[in-house]
Amino acid sequence: MKFKHILLLLVLATVGVLAACGNSNSKEEEKVTAWEEIQDEGTIKVATSGTLYPTSFHEQETNELTGFDVEIVKELANRLDLKVEFVEMGFDGMLTAVQTGKVDMAANDIGITEERKEKFALSTPYKHSYGTAIVRADDLSGIESINDLEGKKAAGAATTNFMKLAKEKGAEEVIYDNATNEQYLRDVENGRTDVILNDVYLQRLALAAFPELDLTIHPDIQYMPSEGGVLMNKENEELISKVNGVIEEMLEDGTIRDLSKTFFNGADVTELPKDIEFQE
């Protein structure tokens with residue numbers, strides 16, 4: 001009887017181990033990817049600012065969120081049979097939100113850099129541009145070239161490529177968090193700041209929206225040719241593949257080119273302009 005009792009205990013222990021293994025395998029099988037979660041919910045969450053014209057802004061009459069990047073994301077989601085939930089925040093917050101999984105991607109005129117590619121996945125580029133400088137029209141803010149920013153006050157968000165360049169060139173940083181174009185521009189005009197380094201297309205449109213301001217794009221400053229796309233978590237490989245596939249399709253069929261012309265006053269930002277001399 002004692003032998004049978006021991007044998008029974010061994011059998012039960014073995015069954016318990018097998019059951020535990022079975023549960024472990026089941027849990028592994030139940031683990032879903034970020035893309036599968038998005039599909040299950042039917043919604044993709046996207047961080048954007050809502051204040052960067054014409055990339056991401058609210059229509060004055062309807063208050064509807066729109067813009068070049070916003071409309072690209074809307075069409076991308078439509079082709080993936082998903083709804084979009086936009087989460088508005090400052091640029092620095094977008095990177096953290098993608099990293100922590102609060103959102104699935106960020107879309108806000110985000111430049112593709114080697115530094116960002118080490119931490120994030122950047123999509124197939126759909127915007128090609130370069131940097132310029134907005135300065136006061138009467139004296140060009142006392143700036144002659146991109147290498148003449150020492151001691152000047154440069155306005156921008158803390159972690160943008162443009163603000164990093166300003167810092168490298170010796171400028172004093174004046175940090176804004178999700179400010180409007182009007183605030184940036186008026187601060188240059190009234191002398192609170194001296195210069196705004198940013199994308200040429202954004203700069204042109206910003207000035208056109210406020211023609212009464214005594215500001216101009218510096219005639220001798222063109223620098224940092226760039227590519228832009230959406231930003232995602234590097235671990236979400238299936239999502240990255242799906243997004244890149246749709247963006248490539250939209251570039252090929254002209255959808256992004258048409259959106260570019262709508263939001264950038266007829267300009268095609270899907271290709272870098274030719275015959276421009278860039279400063280280091």
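Distance alone, capped at 3.5 Å, is enough to place a donor-acceptor pair between the Lys234 side chain and the Lys117 backbone. The closest donor-acceptor contact from the side chain of Ser260 to the backbone of Ala267 lies under 3.5 Å. Remark: the backbone N or O of Thr124 is paired with a side-chain donor or acceptor of Asn244 at under 3.5 angstrom. Proximity of a side-chain donor or acceptor of Arg116 to a complementary backbone N or O of Gly111 within less than 3.5 Å is detected. The backbone N or O of Val230 sits less than 3.5 Å from a side-chain atom of Ser123, completing a donor-acceptor pair. No donor-acceptor pair under 3.5 Å is formed between the side chain of Glu182 and the backbone N or O of Phe210. Side-chain N or O atoms of Tyr223 include none that pairs as donor or acceptor with a backbone N or O of Tyr130 at under 3.5 Å.
Thr270 has its side chain out of reach of Pro125: every pair of non-hydrogen atoms, C-beta onward, lies at least 4.5 Å apart. When side chains are defined from C-beta on, Phe264 counts as touching Leu202, because their heavy atoms get closer than 4.5 Å. Looking at heavy atoms from C-beta onward, Val188 lies in side-chain contact with Thr193 at the 4.5 angstrom threshold. Side-chain atoms of Phe68 and Thr262, non-hydrogen and from C-beta on, never get closer than 4.5 Å to each other. With a 4.5 Å cut-off on side-chain heavy atoms, Leu231 and Met94 do not count as touching.
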- request: Could you check Gln183 against Asp187 for side chain to side chain contact (heavy atoms under 4.5 Å, CB included), going step by step and ending with a plain yes or no?
  value: CA-CA 6 Å; Gln183 183 178 347; Asp187 281 354; 4.1 Å; yes

- request: Give the intermediate values and the outcome of side-chain hydrogen bond (donor to acceptor under 3.5 Å, both in side chains) for residues Asp69 and Tyr126.
  value: CA-CA 10 Å; Asp69 285 59; Tyr126 52 75; 2.7 Å; yes

task: Starting from the C-alpha separation in whole Å, work towards a yes-or-no answer on side chain to side chain contact (heavy atoms under 4.5 Å, CB included) for Ile38 and Leu80.
output: CA-CA 10 Å; Ile38 291 168; Leu80 291 173; over 6 Å; no

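Surrounding CG of Asp258 are more than 12 heavy atoms belonging to other residues, nucleotides or ligands, all under 6.0 Å away. Within 6.0 Å of the CD atom in Gln279, the count of heavy atoms belonging to other residues, nucleotides or ligands exceeds 12. The local environment of NZ in Lys74 is crowded, with over 12 non-hydrogen atoms from other residues, nucleotides or ligands closer than 6.0 Å. Dense packing is recorded around CD of Glu249, with more than 12 heavy atoms of other residues, nucleotides or ligands lying under 6.0 Å away. Surrounding NZ of Lys167 are at most 12 heavy atoms belonging to other residues, nucleotides or ligands under 6.0 Å away. By the neighbour-count criterion of 12 heavy atoms within 6.0 Å, atom CG of Asp81 is sparsely surrounded, having that number or fewer from other residues, nucleotides or ligands.
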Distance-only donor-acceptor pairs under 3.5 Å for side chains of residues 211-218, two or more places apart:
{"unit_1": "Glu212", "atom_1": "OE2", "unit_2": "Arg186", "atom_2": "NH2", "d": "3.1"}
{"unit_1": "His218", "atom_1": "ND1", "unit_2": "Asp220", "atom_2": "N", "d": "3.1"}
{"unit_1": "His218", "atom_1": "NE2", "unit_2": "Ile143", "atom_2": "O", "d": "2.6"}

Just distance, no hydrogens or angles: give the donor-acceptor pairs under 3.5 Å from side chains in residues 43-50, sequence neighbours left out.
{"unit_1": "Thr48", "atom_1": "OG1", "unit_2": "Ser56", "atom_2": "OG", "d": "2.7"}
{"unit_1": "Thr48", "atom_1": "OG1", "unit_2": "Ala107", "atom_2": "O", "d": "2.8"}
{"unit_1": "Thr48", "atom_1": "OG1", "unit_2": "Asn108", "atom_2": "OD1", "d": "3.3"}
{"unit_1": "Ser49", "atom_1": "OG", "unit_2": "Thr51", "atom_2": "N", "d": "3.2"}
{"unit_1": "Ser49", "atom_1": "OG", "unit_2": "Leu52", "atom_2": "N", "d": "3.4"}
{"unit_1": "Ser49", "atom_1": "OG", "unit_2": "Asn108", "atom_2": "OD1", "d": "2.8"}

Show the atom names and distances, to 0.1 Å, of all donor-acceptor pairs under 3.5 Å that link a side chain in residues 85-93 to residues at least two apart or in another chain.
{"unit_1": "Glu88", "atom_1": "OE1", "unit_2": "His58", "atom_2": "NE2", "d": "3.1"}
{"unit_1": "Glu88", "atom_1": "OE2", "unit_2": "His58", "atom_2": "NE2", "d": "2.8"}
{"unit_1": "Asp92", "atom_1": "OD1", "unit_2": "Thr159", "atom_2": "OG1", "d": "2.4"}

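Salt bridge present: Asp194 and Arg136 bring a charged side-chain N and a carboxylate O closer than 4.0 Å. Between Arg79 and Glu75 a salt bridge is recorded (basic side-chain N to carboxylate O distance below 4.0 Å).
Taken together through direct or relayed side-chain contacts under 4.5 Å among Ile, Leu, Val, Met, Phe, Trp and Tyr, Val103 and Leu122 form part of one hydrophobic cluster.
The aromatic rings of Tyr176 and Tyr184 sit tilted relative to each other, their planes meeting at an angle between 30° and 60°.
If you run side-chain contact (heavy atoms from CB on, under 4.5 Å) between Leu76 and each of Leu82, Thr255, Val84, Ile247, only Ile247 comes through.
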